[in-house]
A.B. asks: 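Below you'll find the structure I mean.
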Number of protein chains: 2
Amino acid sequence: MELYIEQFKALGDKTRLAIIWLLNSVPGDLCVCEITDAIGESHCNISRHLKILKGAKLVKEKKEGRWVYFDLAKPQDQVQGYIMQALATIPADAFLEMAARLQLRLSLRDGNRCVDGVKSNNWRRVVNKVNGKNDINEK
Amino acid sequence: MELYIEQFKALGDKTRLAIIWLLNSVPGDLCVCEITDAIGESHCNISRHLKILKGAKLVKEKKEGRWVYFDLAKPQDQVQGYIMQALATIPADAFLEMAARLQLRLSLRDGNRCVDGVKSNNWRRVVNKVNGKNDINEK
DNA sequence: TTCATATATTCAAGTTTGTGCACATAATAT
DNA sequence: ATATTATGTGCACAAACTTGAATATATGAA
């Protein structure tokens with residue numbers, strides 16, 4: 001019961017729902033800095049939100065040296081199973097720009113692993129290149 | 001998107017989750033005062049929580065004179081469908097006492113409609129009678 | 001070792017939320 | 001009309017939440 005409340009509370013936030021949606025949009029896991037650049041918020045904020053999601057057992061983390069990868073957690077019971085299904089069903093409408101930024105960010109990976117920190121030079125370069133063609137990531 | 005956030009936020013509260021559970025535990029609808037007596041909080045608080053749930057389109061209301069009945073809302077899309085399924089799956093464990101109070105409260109109905117206000121004399125009477133036998137509703 | 005970097009945490013605002021109290025509204029009864 | 005009753009709302013305040021800035025931790029590189 002307490003866990004359900006914690007889970008619903010964790011999901012009642014724009015940034016955290018965005019994180020969940022990002023994790024649903026890829027087959028594997030995502031690095032903290034990839035999530036940060038895709039959403040475009042400060043890294044400390046993303047870190048905090050990830051901690052809340054982890055506390056609610058909605059995501060699980062895997063450490064690889066300095067990098068920390070997050071993925072959706074396996075449902076602990078039937079209730080959470082339905083919650084995860086609901087989350088997987090959320091349409092892309094409100095997340096199109098963010099989804100494009102994530103794909104761009106994932107193109108920087110090497111051997112399917114993240115090799116760029118938050119707001120790296122590589123990231124700035126590809127963003128600028130894409131911005132020259134269309135207005136992705138434009139405010 | 002905003003609606004999903006509002007729905008998750010609405011569900012991230014102990015009292016509101018209790019209200020949803022009560023509505024799931026009966027085939028029909030429930031009167032405000034029945035919900036209030038079953039949960040055992042102040043009527044104004046229950047009223048406010050119901051307003052929040054209604055704003056999130058999780059419950060719908062039906063007015064009958066002075067009495068206002070609430071019921072679970074029909075899902076507006078597939079996401080809410082899964083959310084409602086999750087809610088319907090929440091186990092009774094944490095709500096046993098409350099469920100017993102609701103059944104007792106519903107026994108006061110006349111013609112399947114509520115005829116007693118919050119903390120009525122009838123309610124006090126049946127609660128005292130039951131308390132004489134076991135410790136339901138005991139603090 | 002020292003430095004750089006990915007991530008986490010502490011602190012201090014500012015904001016939101018939950019609740020008790022009193023009062024307001026609306027519908028019924030007398 | 002007045003009284004009663006079921007429900008809703010405004011106010012005030014405490015608790016919880018969100019966030020930016022700075023700082024800390026931890027891992028790897030040189």
Side-chain angles (χ1 to χ4, degrees), chain A residues 2 5-19 29-56 59 61-70 105 108-110 113-123, chain B residues 2 5-6 8-19 29-56 59 61-70 105 108-110 113-124:
Chain A
E2 304 304 326
I5 295 174
E6 194 175 350
Q7 291 184 330
F8 284 128
K9 208 177 288 186
L11 294 171
D13 177 90
K14 190 183 149 199
T15 305
R16 291 194 289 268
L17 215 49
I19 293 174
D29 44 21
L30 289 174
C31 176
V32 173
C33 51
E34 291 169 333
I35 297 173
T36 302
D37 277 339
I39 294 182
E41 293 231 0
S42 65
H43 84 276
C44 65
N45 232 345
I46 299 295
S47 178
R48 270 187 288 237
H49 284 303
L50 284 168
K51 185 180 179 183
I52 291 173
L53 289 171
K54 195 178 76 169
V59 304
E61 82 176 23
K62 183 174 58 180
K63 233 180 158 184
E64 289 188 8
R66 271 182 297 190
W67 275 262
V68 179
Y69 291 87
F70 281 87
R105 188 56 161 79
L108 300 181
R109 280 194 175 191
D110 181 18
R113 295 284 87 182
C114 180
V115 292
D116 280 85
V118 173
K119 291 177 184 169
S120 68
N121 290 332
N122 270 338
W123 173 239
Chain B
E2 303 306 325
I5 295 173
E6 193 176 349
F8 285 127
K9 208 177 289 185
L11 294 171
D13 177 271
K14 188 183 150 201
T15 305
R16 292 194 288 270
L17 216 50
I19 292 173
D29 44 21
L30 289 175
C31 177
V32 174
C33 51
E34 291 170 334
I35 297 172
T36 302
D37 277 340
I39 295 183
E41 293 233 358
S42 65
H43 85 275
C44 65
N45 234 342
I46 298 296
S47 179
R48 271 186 287 238
H49 284 304
L50 284 168
K51 186 181 178 181
I52 292 173
L53 289 172
K54 195 178 76 171
V59 303
E61 81 177 22
K62 182 174 59 176
K63 234 181 157 185
E64 290 187 8
R66 271 181 296 192
W67 274 261
V68 180
Y69 290 86
F70 281 86
R105 189 56 162 77
L108 299 181
R109 280 194 174 188
D110 182 17
R113 294 285 88 180
C114 180
V115 291
D116 279 82
V118 174
K119 292 178 185 167
S120 68
N121 290 332
N122 269 338
W123 174 239
R124 264 189 268 266

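Labels below follow one simple rule: chain letters A, B, ... track the order of the sequence lines, proteins then strands, and each chain is numbered from 1. The basis for the numbers below is simple: all heavy atoms, side chains too, and nothing from hydrogens, waters or symmetry mates.
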A.B. asks: Check the distance between D:dT5's P and B:Glu34's CD and give it to me in whole angstrom.
C.D. replies: 18 Å
A.B. asks: With heavy atoms of chain B within less than 4.0 Å as the criterion, where does contact along DNA chain C begin and end?
C.D. replies: C:dT17 to C:dT28
A.B. asks: A:Asn45: what forms a side chain to side chain donor-acceptor pair (under 3.5 Å) with it, not counting sequence neighbours?
C.D. replies: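 A:Asn45 satisfies side chain to side chain donor-acceptor pair (under 3.5 Å) with A:Glu41 only.
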A.B. asks: Going by side-chain contact (heavy atoms from CB on, under 4.5 Å), name the residues that satisfy it together with B:Ser47, two or more places apart in sequence or in a different chain.
C.D. replies: none
A.B. asks: Does D:dT9 have OP1 or OP2 sitting under 4.0 Å from an N or O in the side chain of B:Lys51?
C.D. replies: yes
A.B. asks: Of all residues at least two apart in sequence or in a different chain, which pass the side chain to side chain donor-acceptor pair (under 3.5 Å) check with A:Ser42?
C.D. replies: none
A.B. asks: Holding to salt bridge (charged side-chain N to carboxylate O under 4.0 Å, His left out), I want the full list of residues that pass it with B:Lys62, two or more places apart in sequence or in another chain.
C.D. replies: B:Asp29
A.B. asks: Assess the residue pair B:Leu108 and B:Val115 against the criterion (side chain to side chain contact (heavy atoms under 4.5 Å, CB included)); give the C-alpha distance rounded to whole Å, side-chain angles, the decisive distance to 0.1 Å, and a yes or no.
C.D. replies: CA-CA 7 Å; B:Leu108 299 181; B:Val115 291; 5.7 Å; no
A.B. asks: Sequence neighbours left out, what passes salt bridge (charged side-chain N to carboxylate O under 4.0 Å, His left out) with B:Arg105? Give chain and number order.
C.D. replies: B:Asp37
A.B. asks: Taking side chain to side chain donor-acceptor pair (under 3.5 Å) as the test, write out the residues that go with A:Arg66, two or more places apart.
C.D. replies: none
A.B. asks: Please report the distance, rounded to the nearest Å, between CD1 in B:Ile46 and P in D:dA6.
C.D. replies: 16 Å
A.B. asks: Atom pairs under 3.5 Å, N or O on each side, protein against nucleotides 17-21 of chain D: can you list them with distances?
C.D. replies:
from: D:dT18; atom 1: OP1; to: A:Arg16; atom 2: NH2; distance (Å): 3.0
from: D:dT19; atom 1: OP2; to: A:Asn45; atom 2: OD1; distance (Å): 3.4
from: D:dT19; atom 1: OP2; to: A:His49; atom 2: NE2; distance (Å): 2.6
from: D:dT19; atom 1: O5'; to: A:Asn45; atom 2: ND2; distance (Å): 3.3
from: D:dG20; atom 1: OP2; to: A:Ser42; atom 2: OG; distance (Å): 3.4
from: D:dG20; atom 1: OP2; to: A:Asn45; atom 2: ND2; distance (Å): 3.0
from: D:dG20; atom 1: N7; to: A:Arg48; atom 2: NH2; distance (Å): 2.9
from: D:dG20; atom 1: O6; to: A:Arg48; atom 2: NH1; distance (Å): 2.6

A.B. asks: Nucleotide by nucleotide, 5' to 3', does protein get under 4.0 Å of the base (B), only the sugar-phosphate (S), or neither (-) in nucleotides 24-30 of chain D, counting heavy atoms?
C.D. replies: ---BS--
A.B. asks: Can you check the B:Lys54 NZ to D:dG8 C1' distance for me, whole Å?
C.D. replies: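 Between C1' of D:dG8 and NZ of B:Lys54: 10 Å.
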A.B. asks: Which residues pass the side-chain contact (heavy atoms from CB on, under 4.5 Å) test with B:Ala18, sequence neighbours left out?
C.D. replies: B:Ile39, B:Phe95, B:Met98
A.B. asks: With sequence neighbours left out, what residues match B:Glu64 under salt bridge (charged side-chain N to carboxylate O under 4.0 Å, His left out)?
C.D. replies: B:Arg113
A.B. asks: Holding to side chain to side chain donor-acceptor pair (under 3.5 Å), I want the full list of residues that pass it with B:Lys54, two or more places apart in sequence or in another chain.
C.D. replies: B:Glu61
